[in-house]
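The structure under discussion appears below in the form of C-alpha cells.
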Amino acid sequence: MSTLAHTMMTAARSSDSGLVGPGELDRYPYAEAPVPDRVGAPAWDGGEPELGRVGRRATGSRGRGLHGQLVQQLGQMIVSGDLGADRPLVPEEIGQRFEVSRTVVRESLRVLEAKGLVSARPNVGTRVRPVSDWNLLDPDIIEWRAFGPQRDDQRRELSELRWTIEPLAARLAAGHGREEVQQRLSDMVEIMSHAMAQGDALTFSRADAEFHALLIQIAGNRMLEHLSGIVSAALQVSGGPVTGCDRPNETSLALHARIVDALGAGDGTAAETAMRQLLTVHPEVERVVPAPREH
C-alpha cells in the first residue's frame, strides 16, 4: 500500500520553479526610479481587510517559506483585482509592508513575472500586467481565480477545457496503454472504492487526480501531457458538483472502472464515451458544456 500511496502523491504542482538564478537579482532594483504617474496609494496601505482575506488561503505556499507566502499573497491580490492592471509595485514598499527582505521581494516578483502577472522594465519599474498577459494555465493562477471574485468563470472555463481534453485523451490512451500503467489506473479505482466506503473524501480526490493525470500522460500526445497539471488543478479547486469526480459516488466510480476496462480492451470509442459520461454525471455540466447532438 505504501507504493500506491506514493503513486497518489506524484501529481506534483509545477509552480515551485522560478527561484532567482545568478545575476537575476539586479532585474528588480530595490530602490526603484520614481514613477511620476502613480495613482493612489498601494492597495495594502490601510488595507488590513484585504490582506487578511488573501492571507487566509495559503495552500500554494506550503513548504516554500516567506518567498512562497509573498508570491501567494501578491498573486491573489493581483488576480482578485485588489492590485489592478498597470499598478506600480515598488519593492521597497512591499518589503516594508510585509516585513520581508529585499531578496524575498525580488524572488517573488520574478516568479510573478514568469506567470505573466507583472513586468519589470528599466525606467518604468515593476507594474501589474493586464489579464490578457497572464498565464491562465498556471496552476497557481487557476487556484487564485477559483477562490476569488472570478470563481464562477474559472469553474466554467475549467469544465469546458476538461470536456475538450479528457475524452480525446481517453480515446488516444486506448492505443497506448502499457500493462504497468493499466495496473496503476486499476489501483487508483480500487483506492477510490475503499475511500468512498470509508467516507474519506481526501484520499478519494487524490486517487482521482492521479487517475486523470495518468490517463492524459499515456495518451501518446506530448502537448496533451503538458495539460495534465491543469486537469489536476481543476479537480482540486472545483469546489462543487461540476463533474462526477467532485463528490465520491457509485456512478462516478463505475465510470472510472469502465474507462479502465475500455483501455484494457483497446476500445478507444468506449473509453471516450465513458469519459464524456463521467464529465456529465451532474446536470449542472450540461448547462455549461452541452453534450454533442446526435446526427
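Count residues from 1 along the sequence.
W134 places a side-chain heavy atom less than 4.5 Å from the side chain of V79. In this structure, the side chains of M223 and L227 stay at 4.5 Å or more apart for every pair of heavy atoms. Residues V111 and H67 are in side-chain contact: their nearest non-hydrogen atoms beyond the backbone lie under 4.5 Å apart. Taking 4.5 Å as the limit, every side-chain heavy atom of R110 sits out of range of all side-chain heavy atoms of R106. Using a 4.5 Å cut-off on side-chain heavy atoms (C-beta onward), H256 and D208 make contact. Side chains of L278 and H212 form a contact here, defined as non-hydrogen atoms less than 4.5 Å apart. The closest side-chain heavy-atom distance from L185 to I218 is below 4.5 Å. Taking 4.5 Å as the limit, some side-chain heavy atom of I141 sits within range of a side-chain heavy atom of L117.
Residues forming a side chain to side chain donor-acceptor pair (under 3.5 Å) with E225 (at least two apart in sequence, or on another chain): none.
To the nearest 0.5 Å, the span separating OG on S119 from CG on L109 amounts to 10.5 Å. Rounding to the nearest 0.5 Å places CZ of F98 at 11.0 Å from CD of Q69. Of the inter-residue distances, the one linking L83 atom CG with R127 atom CZ reads 12.5 Å to the nearest 0.5 angstrom. Rounded to the nearest 0.5 angstrom, R145 CZ and S80 OG are separated by 12.5 Å. Between the CD atom in Q150 and the CG atom in L136 there is a gap of 8.5 Å [rounded to 0.5 Å]. Of the inter-residue distances, the one linking L215 atom CG with M275 atom CE reads 4.5 Å to the nearest 0.5 angstrom.
With respect to T126, the side-chain contact (heavy atoms from CB on, under 4.5 Å) criterion is satisfied by exactly one of I94, L112, L89, V90: L89.
Scanning both residues, E113 and R129, for their nearest heavy atoms gives O-NH1, 4.1 Å. L224 and A219 get closest at one heavy-atom pair: CD1-CB, 4.4 Å. Contact detail for A174 and D267: the closest heavy-atom pair is CB-C, 3.9 Å. For the pair L137 and I142, the tightest heavy-atom approach, listed with the atom from each and the gap, is O-CD1, 3.9 Å. When all heavy atoms of P130 and A85 are compared, the pair lying nearest together is CA-CB, 4.0 Å. Across every non-hydrogen atom of R162 and P167, the tightest pair is O-CD, 3.5 Å.
Atom CD of E99 sits in a sparse spot, with 12 or fewer heavy atoms from other residues, nucleotides or ligands closer than 6.0 Å.
In summary, R156 and D153 engage in a salt bridge, as defined by a charged side-chain N under 4.0 Å from a carboxylate O. Remark: E272 engages R276 in a salt bridge, criterion side-chain N to carboxylate O under 4.0 Å.
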Open item on the list: Walk me through whether W144 and I78 qualify under side-chain contact (heavy atoms from CB on, under 4.5 Å).
Closed with: CA-CA 9 Å; W144 297 334; I78 292 170; over 6 Å; no

TODO: Let me see the working for E180 and R184 under side-chain contact (heavy atoms from CB on, under 4.5 Å), right down to the final yes or no.
DONE: CA-CA 6 Å; E180 66 274 15; R184 287 174 68 186; 5.7 Å; no

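Within the 3.5 Å criterion, the main-chain N or O of R155 finds a donor-acceptor partner in the side chain of S159.
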